[in-house]
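Notes for the one structure printed next.
What you are looking at is a predicted structure, and each value in this text was computed from that prediction instead of being measured.
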Amino acid sequence: DEQLVGFIRFDLILWNHRSGRMKIMFGGQERFDRYGKELMDLSLTYVFTEMNFHHISVDYPEYRQEVINLHLAAGFQEEVHRRQAHYYHGRYWALIHLGLLKDAWQKVSEES
């Protein structure tokens with residue numbers, strides 16, 4: 001229907017460390033439900049095979065629990081939990097930093 005599914009942004013790329021940060025945003029809940037896992041699989045394959053990263057990280061405020069769970073299911077692990085670091089809708093929320101190493105991604109990929 002030619003509507004945006006979402007987008008993936010890569011930033012803070014440190015080529016000498018083979019690492020960077022990724023952000024996935026979806027064009028609504030329906031698209032997240034329908035394409036979330038596929039988009040995650042495609043983006044991680046791109047990160048670890050085409051970009052040749054060793055480590056990829058993401059950070060989301062704790063109210064984005066569905067997206068955090070999507071990353072955890074893909075093998076990401078919580079690396080940092082910054083308490084009350086994000087202000088949204090009159091409230092402070094924790095900012096959750098997740099990371100994934102290439103070896104862990106390969107293991108999860110082989111199991112699925």
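- Contact check for Arg83 versus His81: side-chain heavy atoms found under the 4.5 Å cut-off.
- Of the possible polar contacts, one joining the Arg18 side chain to the Asn52 backbone as a donor-acceptor pair under 3.5 Å is found.
- Within the structure, every pair that satisfies the side chain to side chain donor-acceptor pair (under 3.5 Å) test and touches residues 4-15, not counting sequence neighbours, is listed here: Asp11-Arg21.
- Only one option out of Lys102, His17, Glu79 pairs with His55 in a side-chain hydrogen bond (donor to acceptor under 3.5 Å, both in side chains); it is Glu79.
- Enclosure of atom CZ in Phe10 by more than 12 non-hydrogen atoms of other residues, nucleotides or ligands within 6.0 angstrom is indicated.
- The hydrophobic cluster containing Met40 does not contain Tyr35, counting ILVMFWY residues as joined when their side-chain heavy atoms lie under 4.5 angstrom apart, directly or transitively.
- Other residues, nucleotides and ligands contribute at most 12 non-hydrogen atoms within 6.0 Å of the OH atom of Tyr46.
- Taking the centre of each ring, Phe53 and Phe48 stay at or above the 6.0 Å mark.
- Residue Ile8 comes nearest to Ser43 through the heavy atom pair CD1-CB, 3.4 Å, listed as atom of the first residue, atom of the second, then distance.
- Looking only at side-chain heavy atoms (C-beta outward), Asp59 and Lys23 come within less than 4.5 Å of each other.
- Using modelled atom types and a 3.5 Å distance limit, the side chains of His86 and Tyr60 yield no donor-acceptor pair.
- Within a 6.0 Å sphere centred on CD of Glu30, other residues, nucleotides and ligands contribute 12 heavy atoms or fewer.
- Counting only residues at least two apart or on different chains, no salt bridge (charged side-chain N to carboxylate O under 4.0 Å, His left out) pair has a member in residues 43-58.
- Side-chain contact between His54 and Leu101: present, with at least one pair of heavy atoms (C-beta onward) separated by less than 4.5 Å.
- Trp105 and Met51 end up in the same hydrophobic cluster when Ile, Leu, Val, Met, Phe, Trp and Tyr side chains are linked at under 4.5 Å.
- Residue Met25 is not grouped with residue Met22 when hydrophobic side chains (ILVMFWY) are merged at heavy-atom distances under 4.5 angstrom, including chains of intermediate members.
- A search for salt bridge (charged side-chain N to carboxylate O under 4.0 Å, His left out) contacts involving Lys107 returns nothing, not counting sequence neighbours.
- Glu62 pairs by the side-chain hydrogen bond (donor to acceptor under 3.5 Å, both in side chains) definition with nothing, not counting sequence neighbours.
- Within the model, atoms CD1 of Ile13 and OG of Ser19 stand 9.0 Å from one another, a figure rounded to the nearest 0.5 Å.
- Residues Leu95 and His97 are in side-chain contact: their nearest non-hydrogen atoms beyond the backbone lie under 4.5 Å apart.
- Nearest heavy-atom pair across Leu44 and Ala74 is CD1-CB, 3.8 Å.
- You'll find the side chain of Leu98 reaches within 4.5 Å of the side chain of Ile68, heavy atoms only.
- Judged as a salt bridge (charged side-chain N to carboxylate O under 4.0 Å, His left out), and not counting sequence neighbours, Asp103 has no contacts.
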Between Phe32 and Leu39, is the side chain to side chain contact (heavy atoms under 4.5 Å, CB included) condition met? List the steps. CA-CA 9 Å; Phe32 173 81; Leu39 184 58; over 6 Å; no
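- Inter-residue side-chain proximity for Phe26 and Leu70 is flagged as met; some heavy-atom pair is nearer than 4.5 Å.
- The hydrophobic cluster containing Ile56 does not contain Val108, counting ILVMFWY residues as joined when their side-chain heavy atoms lie under 4.5 angstrom apart, directly or transitively.
- For His71 and Glu78, the side-chain atoms include no donor-acceptor pair closer than 3.5 Å.
- Residues satisfying the side-chain hydrogen bond (donor to acceptor under 3.5 Å, both in side chains) test with Gln65, not counting sequence neighbours, are Asn69.
- Dense packing is recorded around CZ of Phe7, with more than 12 heavy atoms of other residues, nucleotides or ligands lying under 6.0 Å away.
- Trp93 contributes a side-chain N or O that, together with a main-chain N or O of Tyr88, makes up a donor-acceptor pair within less than 3.5 Å.
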